[in-house]
There are 2 protein chains.
Amino acid sequence: MPTWEETLSQAGCRITEPRRAVMTVLAQAERSLVPQEIFALGIKLHATLSLVTVYRTLELFEELSLVRRVHQDDKCHGYLLTAAGHRHVLVCEGCGRAVEFPGQDDLVALIARVEECTGYQVEAHLLQLVGVCPHCQ
Amino acid sequence: MPTWEETLSQAGCRITEPRRAVMTVLAQAERSLVPQEIFALGIKLHATLSLVTVYRTLELFEELSLVRRVHQDDKCHGYLLTAAGHRHVLVCEGCGRAVEFPGQDDLVALIARVEECTGYQVEAHLLQLVGVCPHCQ
DNA sequence: TCCCTTATTGCAACTTATTTGCAATAATTA
DNA sequence: TAATTATTGCAAATAAGTTGCAATAAGGGA
Ligand SMILES: [Mn+2]
Ligand SMILES: [Mn+2]
Ligand SMILES: [Zn+2]
Ligand SMILES: [Zn+2]
C-alpha cells in the first residue's frame, strides 16, 4: 500500500505543509474530528494554515480515499484516517474514539436478500456501529 | 402501534397544523427530503408554515422516533418517515427513493465478533445501503 | 542549485444552513 | 366559552461551507 505522499503524487497533487499538517493531525487523533477541530490542531503545526484549506484538503483526501467521513447523530462531518482495507467504523458515543473493522462478508447474504425483496441493485453500503469504548465503560 | 397523533399526545405535545403539514409531506414523499424541501411542499398545505417550524418539528419527530435521518455522500440531512419496526434503509442514488427493510438479526453475529475484537460495547448501528431502484435501472 | 511553471494557499466576501429571543397565536382542558 | 400554556413566525444572530483572486511555494528541468 502506498504512503499518502505517494498517493498524492500519483494523482498529480503536491505535498504541501498545510496538507502535511492535516494528515499529521488526523494520524494522531484517536477519534473523528470535524474541520474546525482539525484546523485548531493543525495551526499548531503550520502557523498560517487556514480553515478554507482544511476544507479543500479534506475534500481532496476523501476523493483519494485517504480519509473517511463518519456520520453521527449530532455532528455529521467528522473525518477519520482511512485504515487500509477496512470498510466499517465503530464510534464511541462517549468520547468519539473510533476503530475500523473488516466484515464485508457478513453483509453479502443480507444484501442479496434485500435486493431480492426490493428490486433495488445495491451498490454500496454504510455500516457504522455506535457503542462504548473500553475507556468509557 | 400508535398513530403519530397519539405519540404526540402521549408525549404532552399538541397536534398542530404545521406539524400535520410536515407529517403529510413526509407521508406522501417517496424519497428522503431535506428541511428546505419539506418546507416548500408543506407551505402548500399550511400557508403560514415557516422553515423554522419545520426544523423544530423535525427535531421533535426525530426524538419521538417518528422520522429517521438518512445520510448520503452529498446531503446528510434528509428525513424519512419511520416505518414500524424496521431499522435500515436503502436509498436509490439515482432518484433518492428509499425503502426500509428489517434485518436486525443479520448483524448479531457480526456485532458479537466486533465486540470481542475491539472491547467496545455496541449499542446501536447505522446500516444504510445505497443502490439503484427498479425505476432508475 | 536556481528558475519557471502552475498547483495551492489565505484572505475577504458570499451563500447556505441552523439556532435563538420574543411577542402573537392557537391547541387543549376545564 | 374562557383560561392556560405550548407552539408559531418573524427577525436577527450564529455557524457552516463555498468562491474569486492575487500572492505564494512545490517540484521538474536547466
Ligand atoms: Mn460493509
Ligand atoms: Mn450525515
Ligand atoms: Zn469512549
Ligand atoms: Zn431511483
Side-chain angles (χ1 to χ4, degrees), chain A residues 2-25 32-64 66-67 69-79, chain B residues 2-25 32-64 66-67 69-79:
Chain A
T3 65
W4 68 270
E5 285 102 333
E6 289 168 348
T7 302
L8 275 193
S9 290
Q10 280 165 30
C13 299
R14 294 178 182 176
I15 296 157
T16 67
E17 282 309 305
R19 287 174 181 168
R20 215 180 277 284
V22 170
M23 187 50 81
T24 302
V25 165
S32 74
L33 302 174
V34 297
Q36 200 60 248
E37 295 173 309
I38 296 171
F39 168 65
L41 292 167
I43 204 169
K44 295 176 186 170
L45 303 176
H46 182 63
T48 63
L49 180 66
S50 79
L51 181 56
V52 181
T53 298
V54 172
Y55 276 110
R56 292 196 273 228
T57 299
L58 289 173
E59 186 182 12
L60 173 64
F61 283 4
E62 193 176 17
E63 272 167 15
L64 298 176
L66 293 172
V67 302
R69 197 149 129 201
V70 302
H71 301 259
Q72 293 180 71
D73 288 342
D74 47 328
K75 57 165 185 166
C76 257
H77 296 152
Y79 287 86
Chain B
T3 65
W4 67 272
E5 286 102 332
E6 289 168 348
T7 302
L8 274 194
S9 291
Q10 280 165 29
C13 299
R14 294 178 180 175
I15 296 156
T16 67
E17 283 309 305
R19 287 174 182 168
R20 216 180 276 286
V22 169
M23 186 51 80
T24 302
V25 165
S32 74
L33 302 174
V34 296
Q36 200 60 251
E37 295 173 309
I38 296 171
F39 168 65
L41 292 166
I43 204 169
K44 295 177 186 169
L45 303 176
H46 181 64
T48 63
L49 180 66
S50 80
L51 180 57
V52 180
T53 299
V54 171
Y55 275 107
R56 293 196 271 229
T57 300
L58 289 173
E59 186 183 12
L60 173 66
F61 283 3
E62 194 176 17
E63 272 167 15
L64 298 175
L66 293 172
V67 302
R69 199 149 127 201
V70 302
H71 301 258
Q72 294 181 70
D73 287 342
D74 47 328
K75 58 165 184 166
C76 258
H77 296 152
Y79 287 86

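This is a predicted model, so every value here is computed, not measured.
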Exercise for the section: Quickly work out the B:Leu60 CG to D:dA6 P distance and round it to whole Å. Expected result: 13 Å
Problem - Interatomic spacing from CH2 in A:Trp4 to CG in A:Leu66 - rounded to 0.5 Å - result: 8.5 Å
Fill in the blank from the handout: Between the CD atom in A:Glu5 and the CD atom in A:Gln10, the distance rounded to the nearest 0.5 Å is 11.5 Å
Problem - Rounded distance (Å) that lies between atom P of D:dA25 and atom CD of A:Glu17 - result: 11 Å
Practice task
Mark yes or no for whether A:Glu37, through its side chain, and A:Val34, through its backbone, hold a donor-acceptor pair below 3.5 Å.
Solution key: yes
Practice task
Would you grab the first and last nucleotide of DNA chain C (5' to 3') that comes under 4.0 Å of any non-hydrogen atom in chain A?
Solution key: C:dT6 to C:dA12
Exercise for the section: Look at the aromatic rings of A:His77 and B:His77 and report parallel, tilted or perpendicular, splitting at 30° and 60°. Expected result: parallel
Fill in the blank from the handout: Assign each of B:Val52 and B:Thr16 the nucleotide of DNA chain D bearing its closest heavy atom; nearer the 5' end lies the nucleotide of B:Thr16
Exercise for the section: Can you tell me the distance, in whole Å, between the CG atom of A:Leu49 and the C1' atom of D:dA25? Expected result: 15 Å
Handout entry: Donor-acceptor under 3.5 Å (B:Glu6 side chain, B:Thr3 main chain)
Key = yes
Exercise for the section: Taking all heavy atoms of B:Leu49 and all of B:Gly42, pick out the closest pair and write down the distance. Expected result: CD2-C, 3.5 Å
Exercise for the section: Report which part of the nucleic acid A:Arg56 touches: base, sugar-phosphate, or nothing (heavy-atom distance under 4.0 Å, all strands). Expected result: base
Practice task
Nearest whole angstrom, please: distance from the P of D:dA16 to the OH of B:Tyr55.
Solution key: 13 Å
Practice task
Write down the distance between CG (B:Leu51) and C1' (D:dA12), rounded to a whole number of angstrom.
Solution key: 15 Å
Handout entry: Salt bridge present between A:Arg20 and A:Glu17 (N-O < 4.0 angstrom)
Key = yes
Practice task
Send over the distance from A:Phe39 CZ to D:dA16 P, rounded to a whole Å.
Solution key: 13 Å
Practice task
Grab the NE2-C1' distance between A:His46 and D:dT24 for me, whole Å please.
Solution key: 10 Å
Completion exercise
note: A:Glu5, atom CD; D:dA26, atom C1'; distance rounded to Å ~ 14 Å
Fill in the blank from the handout: Walking DNA chain C from its 5' end, the first of B:Pro35 and B:Ile15 to be reached, judged by nearest nucleotide, is B:Pro35
